[in-house]
Amino acid sequence: MWLPVKIECLFHKTVNSWNATLQSLVILFTLASINLASFAQTNFAFEYNTDPIVKIGSTPLKFPWSGGINYGQFSNIDYDFDGDQDLFVFDRSGDEILLFEQTAIAPNSNWEFVPNAHLLFPSDCRYRVALLDYNGDGKNDLFTYGIGGIKVYKNIGNSSIGLQWELSKNLVETNYLGSLTNLYVSSSDIPAYVDVEDDGDIDVLTFHIGGERIEYHQNQSMELYGIPDSLVFVLKNECWGQFREDQNNNNIFLNDTQSPCGTGNIPNPQIGTGPPIKEPIESTVKHSGSSVLALDMNNNGVLDLVLGDVSYPGLTLLTNGGTIPNSNSAMIAQDHNFPSNTTPASMQLFPASYYVDVDNDGLKDLIVAPNAKTISENQKSVLFYKNNGTNTAPNFSYQTNEFLQKEMIDHGFGSIPILFDQNSDGKRDLLTANFFRYKPTLLKESYFLVHRNTGNATTPEFTFLENDFLSLSTLNYGLRAVPTFGDLDNDGDEDLIIGKDNGSLVKYTNTAGAGNPVNFTSPEIVLDNNAIEINVLAYAHPQLFDLDNDGLLDLIIGKKTGEISYYKNIGSSTIPVFSLQSSTLGNVDVSSATDAYAAPHFFRVNDTTHLFVGAYDGQLHYYNNIDDSLATSFTLVSANYLGIDVGLYSSFWVEDIDNDGNLNLFVGQDLGGLSLFEANPNSTAAISENNKELQCVLYPNPTKQQLNVSLETTSPVTIIIKDLNGKVLFEGNETTIDVSSFCNGIYLLQISTNEASAVKRFVKQ
């Protein structure tokens, strides 16, 4: 992995550090983005764009192009070291990271979306992330999933060098009665990282592998060293709080006497005698999946618990009956309708709660979001409870069930952007399809969201029109229904073909005529020239596009298995007839270890055809050399051409939406929202890319002295190393490079031959 940005060194430290950080982010993002020099014979790159306004009624959304939220986990962090707390969101859906910067001064401050924020954090965050200060240096560190437990990164950044991370523990260990082993936390669980005994270091409360009881793992840092800078744990209680959760439901047995929760396990030093219980492997456990939040609800000095259960929609509050932090007192009351003083939390399914300041008033609020991938709510799924009390005696008041989501395009799971002219006014409207949205209870449905372009030819703006275009959700087309539009009968309006999850397609003829809003006839099955139903077996992703440049719209279909089928239109301008030419067009294949869900998008620039393919892997697969290769193979330029990893289910649409001569790129993604970029011809950060990506590896990375470049080519190479301000620090053809004199930080290495090139990042420590 590589660690984010260290920008300044030595004499550069006198420069304003955060302006430099912002500049470096733009450079990093641009370099990780697409360069279209091969498209238009000019050097320009796609950059994040917020210009097109998106509105509901007359109210603009604050961050419409921020990508959506499905199953968010919330923390605070001062990522820009400006003295205030920003908002970090980790989404379990595809391990995505979103970041919102606190702007202005509280209480009038607000959130501003930070694009491409994953570049600022370790790249191996999985399943869960919590940001908290474990070593008492005032900077929040990062706790994430390690295999079978917890991995920790220490925040070593500051205002001069920006946000940086150092691996502190690849796997946190704990002492189980003299046996040192990993501190086990299920990949599906959310543990509590909290100072249980109020001694200044961070302990861990987590459900044991069977999911019935809470284990208390005490941090020994203060006991051993007198400072909270270590992560040395010992199991201090196998049944903290002296309760047990029923394996078959969310009922709590208080003052439980079943071993090891009996009174024999509660005396100081808090742990019972005998070896730890041997547990079954996780896959055989009946009760797997719990979230834990520990906080003092009534200011009595001990921690209460808020529990979420994998099989239930609500939260349970357990009230601690003690008064001394290290007494391991028993829970004395349970409330299954928390917070019961306001609208209780309820969602399908598996809620997790987070105690974090989200309105910048200095008080920690309660955020509740689902924690079960694909079977939980994925719209209106972030509940915000404002804290009207204090941090030691909170009083929560329900505010909304779509915190942040109401300010962005959020279309459930797996968004797919398509532009078409819904009302024939000459402006392109925005339709967003999706894989599915959650439908109560425990169901899923696919539907089309439409925003009408209410701007003008040069300043588009999108206003919400309807969220179930064509009443798609009632048509039983299955999940991931994908539309494509084109004038198939030459009557001046756009007809429609929809791909279904069973691999078949249906066609709607638009009878509105030029200049009128769409008016579709009843659907009909799409047949080929032999009157046989066209079917690609599963999850058809169609595109109408004149692939062979003969003036007729052809039918291209992406398939679940990763290939693309090509049906040439052999009919006339008024009567389309589709004839299968290839089931593996261009030998395109975006399959990986799992299903591919190929999402093809052909487009032309200066009479040259290009192909962007989205896929399950969340990346962009770019092919060219298409126009003369319809019967052979296209050229794969890169399987990750954008460098934008949207987690899962990427999809793309390229078009000059504002008619300024620069292409816009709409990106669909796992989280159900959209991102928008525009090609910037004035970018000086772009690096030209050739038609082929050079495969190379840099090692060791990070490095202190020497950097080795391993590559698969016998051709002469040119290597250029630049810092993040674009200054060239090395140029030559050596593949072993002495970097010992470089300042610590991130650098960009460009390597090229006559046929191929690549840009890689490395870290100098």
Side-chain angles (χ1 to χ4, degrees), residues 1-5 25 28-29 32 66-79 86-100 113-135 139-157 162-172 182-193 202 204 206 231 291 352 354 356 367 369-373 382 404 617-619 640 643-650 669-671 675 701-702 746 761 763:
M1 64 154 295
W2 65 277
L3 303 178
V5 180
L25 280 176
L28 273 176
F29 177 68
S66 54
I69 298 174
N70 284 344
Y71 318 114
Q73 302 169 18
F74 294 77
S75 301
N76 284 129
I77 184 172
D78 183 5
Y79 93 101
D86 309 301
L87 184 60
F88 171 91
V89 184
F90 177 79
D91 203 295
R92 178 185 286 269
S93 186
D95 298 332
E96 294 92 355
I97 288 174
L98 291 83
L99 187 64
F100 296 85
F113 178 66
V114 179
N116 214 43
H118 68 278
L119 291 174
L120 290 168
F121 296 88
S123 61
D124 58 348
C125 296
R126 297 176 60 204
Y127 298 125
R128 60 176 177 265
V129 173
L131 302 179
L132 62 147
D133 181 11
Y134 82 84
N135 57 0
K139 299 178 294 188
N140 280 0
D141 309 295
L142 188 148
F143 287 60
T144 187
Y145 174 79
I147 298 176
I150 303 167
K151 177 183 290 189
V152 180
Y153 284 91
K154 182 164 61 175
N155 184 346
I156 59 172
L163 190 60
Q164 293 190 77
W165 304 96
E166 177 181 274
L167 182 61
S168 179
K169 287 284 185 178
N170 191 53
L171 189 61
V172 171
N182 64 297
L183 199 168
Y184 176 80
V185 182
S186 165
S187 62
S188 62
D189 281 8
I190 303 292
Y193 307 107
I202 297 297
V204 177
T206 182
L231 296 166
S291 63
Y354 307 92
V356 57
I367 293 290
N371 192 48
K373 289 175 60 173
V382 182
L404 296 179
D617 63 13
Q619 298 175 352
N640 185 21
I644 300 175
D645 187 349
V646 299
L648 301 169
Y649 301 108
S650 56
Q669 50 210 291
D670 169 37
L671 299 184
S675 299
N701 189 11
I746 288 182
R761 293 176 288 264
V763 176

Test side-chain contact (heavy atoms from CB on, under 4.5 Å) applied to [X] - qualifying residues, sequence neighbours left out:
{"X": "Ser93", "answer": "Asn70, Tyr71, Asp91, Glu96, Phe413, Asp670, Leu671"}
{"X": "Phe113", "answer": "Tyr48, Phe63, Ser66, Leu98, Phe100, Pro115"}
{"X": "Asp95", "answer": "Phe90, Arg126"}

Heavy-atom side-chain proximity of [X] to [Y] below 4.5 angstrom:
{"X": "Phe143", "Y": "Val172", "answer": "no"}
{"X": "Phe88", "Y": "Asn140", "answer": "no"}
{"X": "Tyr127", "Y": "Arg92", "answer": "yes"}
{"X": "Val382", "Y": "Leu404", "answer": "no"}
{"X": "Val114", "Y": "Tyr79", "answer": "yes"}

How far does [atom1] of [X] sit from [atom2] of [Y], to the nearest 0.5 angstrom?
{"X": "Leu99", "Y": "His118", "atom1": "CG", "atom2": "NE2", "answer": "12.5 Å"}
{"X": "Leu142", "Y": "Leu163", "atom1": "CG", "atom2": "CG", "answer": "9.5 Å"}
{"X": "Ser188", "Y": "Lys373", "atom1": "OG", "atom2": "NZ", "answer": "11.5 Å"}
{"X": "Leu131", "Y": "Lys139", "atom1": "CG", "atom2": "NZ", "answer": "13.5 Å"}
{"X": "Leu648", "Y": "Asp645", "atom1": "CG", "atom2": "CG", "answer": "8.0 Å"}
{"X": "Leu87", "Y": "Asn76", "atom1": "CG", "atom2": "CG", "answer": "6.0 Å"}

Residues in side chain to side chain donor-acceptor pair (under 3.5 Å) contact with [X], at least two apart in sequence or another chain:
{"X": "Asp141", "value": "none"}
{"X": "Ser168", "value": "Tyr134"}
{"X": "Tyr354", "value": "none"}

Problem set entry | Worked verdict on Tyr153 versus Asp124 for side-chain hydrogen bond (donor to acceptor under 3.5 Å, both in side chains) | CA-CA 11 Å; Tyr153 284 91; Asp124 58 348; 2.8 Å; yes
For this session: Output yes when a side-chain donor or acceptor of Ser650 lies under 3.5 Å from a complementary backbone atom of Gln619, and no otherwise.
Result: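 Yes; at least one donor-acceptor contact below 3.5 Å.
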For this session: Could you tell me whether the side chain of Gln73 and the main chain of Val129 form a donor-acceptor pair under 3.5 Å?
Result: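 Such a contact is found between Gln73 side chain and Val129 backbone.
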Any idea which heavy atoms bring [X] and [Y] closest together, and the distance?
{"X": "Ser75", "Y": "Ala130", "answer": "OG-CA, 3.7 Å"}
{"X": "Ala352", "Y": "Ile190", "answer": "CB-CG1, 4.2 Å"}
{"X": "Thr144", "Y": "Cys125", "answer": "OG1-CA, 3.6 Å"}
{"X": "Ile150", "Y": "Tyr193", "answer": "CD1-CE2, 3.7 Å"}

